[in-house]
Protein chains: 2
Amino acid sequence: MRKGELTRQAILDVAVRMARFNGLSGLTIGSLASACDMSKSGLYAHFRSKEALQLAVMERNSEQFSEEVVRPALAKPRGVARLQALVEFWMQWYAHPGGCLFLAAGAEFDDMTGPLHDQMVSDQRRLLDSLARIAATAVDEGELREDTDVFQVGQEVFGVLLSYNWMSRILSYPDAAERAWTAFNRLIESYRV
Amino acid sequence: MRKGELTRQAILDVAVRMARFNGLSGLTIGSLASACDMSKSGLYAHFRSKEALQLAVMERNSEQFSEEVVRPALAKPRGVARLQALVEFWMQWYAHPGGCLFLAAGAEFDDMTGPLHDQMVSDQRRLLDSLARIAATAVDEGELREDTDVFQVGQEVFGVLLSYNWMSRILSYPDAAERAWTAFNRLIESYRV
DNA sequence: CACTTGAAAGCACGATCGTGCTATTTTCGG
DNA sequence: CCGAAAATAGCACGATCGTGCTTTCAAGTG
């Protein structure tokens, strides 16, 4: 039926927003239900376990990341411009109220086993692959050196992003963004042809 | 009395180890009590609220960081060698079973208010200050350029560390450490006189 | 419009959470 | 070694957790 899928998506949107604040473990069915103006059991029926709900939330979060970060970056011309756009949208992504759900999930499930851990890892791998793939277009376009290790670039750019997130979100350093761009530019320069 | 303080410390050591896995919110008094072979109320009497317990755990964690990371680095000669040692010990710190409690706490309390948030932020600030201060010794020794912004260095080095932690702990990339050192060395070279 | 099917609510369950109060045991100073 | 004080255990409380079962209400189909 159609109505069910509709409210299911509405629930997931609320759930993603809530999970950004307290993580996927902190996401509770009771509080989610009241945030959706539903009964616990009414909401619960859409997902038949908490784990299934959490998996659906992670999936929805990944979709939003693709829509808000990856896709807009792919609209830019291949090369350093695209990589820079990716970083820019990624930094905006980190500014979501409550922060980044990927980072929260990573901290929560790093040492666990099970579907949630596996899903988190594969999501995270996709993110890093996107990064490396876009860096590779800069090599293809002749902007970065031929022998560039794009995974090395990926790890370093990701470091710039993580550090920016930490400095701005937790430490509230006002020049975190400026310093992140300084770091990014130096990084790119050192790989330029 | 003396016995009380002794078991209190023993409890905190267990608590720190447990909190690395499930965070400070995931740390529960019941499970901690049974891990210490104590009754819930017996343990609870040492800290008179869960928040006080969590604060004590954070404090104990900071002490351990100083002992295992900062102090050993300070034993090295001032300059790049000391900075490099700091990074090395810091990377070993991340290898603790369950991961880094600072990072977990940061993800948990970033958007909260209250003593736990404040304690977490000030702990984190001290970490970054240590980093910048040690980088400053490299400037003093004439190894890095006079006009070096040591907080910029701090943010970038911290990025290398965070990225390493993510790649090795969550993504299990085997060459994460090697890439981290590559990044660190390029970073330092770009600041050398 | 009836009928079937799905969506939502109501209610109850066992478990566990943090937190008090009251005993009981252990420690330690005189 | 004895009495005071501290450390620990026992027990109970209200609240909330995830999860089922049953019933009511709405939606879509013939």
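Excluded from the calculations below are hydrogen atoms, water molecules and symmetry mates; all remaining heavy atoms, backbone and side chain alike, are included. Convention: sequence-line order gives letters A, B, ...; per-chain numbering from 1. Not measured: the values here are computed from a predicted model.
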Interatomic distance, A:Leu83 atom CG to A:Thr137 atom OG1 [nearest 0.5 angstrom]
7.5 Å
Parallel, tilted or perpendicular, as decided by the 30° and 60° cut-offs, for the rings of B:Phe65 and B:Trp90
perpendicular
B:Leu171 to A:Val121 - nearest heavy-atom pair and separation:
CD1-O, 4.2 Å
Check nucleotides 23-26 of chain C against the protein and report each pair of N or O atoms closer than 3.5 Å, with its distance, or say if there are none.
none

Which atom pairs, donor and acceptor, lie under 3.5 Å between side-chain atoms of residues 148-155 of chain B and protein residues at least two apart or in another chain?
{"from": "B:Thr148", "atom 1": "OG1", "to": "B:Arg145", "atom 2": "N", "distance (Å)": "3.4"}
{"from": "B:Thr148", "atom 1": "OG1", "to": "B:Arg145", "atom 2": "O", "distance (Å)": "2.5"}
{"from": "B:Asp149", "atom 1": "OD1", "to": "A:Arg179", "atom 2": "NH2", "distance (Å)": "3.4"}
{"from": "B:Asp149", "atom 1": "OD1", "to": "B:Phe151", "atom 2": "N", "distance (Å)": "3.0"}
{"from": "B:Asp149", "atom 1": "OD1", "to": "B:Gln152", "atom 2": "N", "distance (Å)": "3.2"}
{"from": "B:Asp149", "atom 1": "OD2", "to": "A:Arg179", "atom 2": "NE", "distance (Å)": "3.2"}
{"from": "B:Asp149", "atom 1": "OD2", "to": "A:Arg179", "atom 2": "NH2", "distance (Å)": "2.9"}
{"from": "B:Gln152", "atom 1": "NE2", "to": "A:Arg179", "atom 2": "O", "distance (Å)": "3.1"}
{"from": "B:Gln152", "atom 1": "NE2", "to": "B:Glu156", "atom 2": "OE2", "distance (Å)": "2.6"}
{"from": "B:Gln155", "atom 1": "NE2", "to": "A:Ala176", "atom 2": "O", "distance (Å)": "3.2"}

Nucleotide C:dT19, atom C1' - distance to CD of B:Glu51 in whole Å:
14 Å
Which residues in residues 104-113 of chain B have a heavy atom closer than 4.0 Å to any atom of DNA chain C?
none
Between C1' on D:dT16 and CG on A:Leu27, what's the gap in Å once rounded to a whole number?
15 Å
Return the set of residues passing ring-ring contact (aromatic ring centres under 6.0 Å, His included) with A:Phe184 (not counting sequence neighbours), or none when no residue passes.
A:Trp181
Within a 6.0 Å radius of atom CD on A:Glu67, are there more than 12 heavy atoms belonging to other residues, nucleotides or ligands?
yes
Listed partners of A:Glu63 passing salt bridge (Lys or Arg N to Asp or Glu O under 4.0 Å), at least two apart:
A:Arg60
Watson-Crick or G-U pairs under 3.5 Å in DNA chain C, rendered as dot-bracket with [ ] for crossing pairs and | for another strand:
|||||||||||||||||||||||||||..|
Should B:Ser49 be listed as having a side-chain N or O under 4.0 Å from OP1 or OP2 of C:dT19?
no
Can you check the A:Leu32 CG to D:dG18 C1' distance for me, whole Å?
13 Å
Side-chain contact test, heavy atoms from C-beta onward, threshold under 4.5 Å: evaluate it for B:Leu86 versus B:Val69 and give yes or no.
yes
Using atom CG of A:Leu53 as one end and atom C1' of D:dC17 as the other, report the distance to the nearest whole Å.
14 Å
Provide, to the nearest angstrom, the distance between the CD1 atom belonging to A:Ile11 and the C1' atom belonging to C:dA7.
10 Å
Got more than 12 heavy atoms from elsewhere within 6.0 Å of NZ, B:Lys50?
yes
Within the pair B:His46 and D:dT8, is there a side-chain N or O less than 4.0 Å away from OP1 or OP2?
yes
List in chain and number order the residues that pass salt bridge (Lys or Arg N to Asp or Glu O under 4.0 Å) with B:Asp140, two or more places apart in sequence or in another chain; answer none if no residue qualifies.
B:Arg78
Please tabulate, one pair per line, all N/O donor-acceptor pairs under 3.5 Å involving side-chain atoms of residues 96-116 of chain A, not counting sequence neighbours.
{"from": "A:His96", "atom 1": "ND1", "to": "A:Trp93", "atom 2": "O", "distance (Å)": "3.3"}
{"from": "A:His96", "atom 1": "NE2", "to": "A:Glu68", "atom 2": "OE1", "distance (Å)": "3.1"}
{"from": "A:Glu108", "atom 1": "OE1", "to": "A:Leu24", "atom 2": "N", "distance (Å)": "2.8"}
{"from": "A:Glu108", "atom 1": "OE2", "to": "A:Leu24", "atom 2": "N", "distance (Å)": "3.3"}
{"from": "A:Glu108", "atom 1": "OE2", "to": "A:Ser25", "atom 2": "N", "distance (Å)": "2.8"}
{"from": "A:Glu108", "atom 1": "OE2", "to": "A:Ser25", "atom 2": "OG", "distance (Å)": "2.5"}
{"from": "A:Asp111", "atom 1": "OD2", "to": "B:Arg169", "atom 2": "NH1", "distance (Å)": "2.8"}

Among D:dC17, C:dT19, D:dT8, which is the nearest nucleotide to the side chain of B:Ile29?
C:dT19
Mind listing the N/O atom pairs, protein and nucleotides 9-14 of chain D, below 3.5 Å?
{"from": "D:dA9", "atom 1": "OP2", "to": "B:Ser39", "atom 2": "N", "distance (Å)": "2.8"}
{"from": "D:dA9", "atom 1": "OP2", "to": "B:Ser39", "atom 2": "OG", "distance (Å)": "3.1"}
{"from": "D:dA9", "atom 1": "N7", "to": "B:Ser41", "atom 2": "OG", "distance (Å)": "3.3"}
{"from": "D:dG10", "atom 1": "N7", "to": "B:Ser41", "atom 2": "OG", "distance (Å)": "2.9"}
{"from": "D:dG10", "atom 1": "O6", "to": "B:Ser41", "atom 2": "OG", "distance (Å)": "3.0"}

Please classify the nucleic acid contact of B:Ala45 as base, sugar-phosphate, or nothing, using heavy-atom distances under 4.0 Å.
base
Here the salt bridge (charged side-chain N to carboxylate O under 4.0 Å, His left out) pairs for residues 17-38 of chain A, sequence neighbours left out, are none
Can you list the residues that meet the side chain to side chain contact (heavy atoms under 4.5 Å, CB included) rule with A:Arg192, with sequence neighbours excluded?
A:Val80, A:Leu144, A:Ile188, A:Glu189
For B:Glu5 and D:dT8, give me the distance from atom CD to atom C1', rounded to whole Å.
16 Å
Taking atom C1' of D:dG18 as reference, at what distance in whole Å does atom CZ of A:Arg48 sit?
15 Å
Return the value, rounded to whole Å, for the distance between atom CG of A:Leu6 and atom C1' of C:dA8.
15 Å
What residues, two or more places apart in sequence or in another chain, satisfy side chain to side chain contact (heavy atoms under 4.5 Å, CB included) together with A:Ala81?
A:Pro77
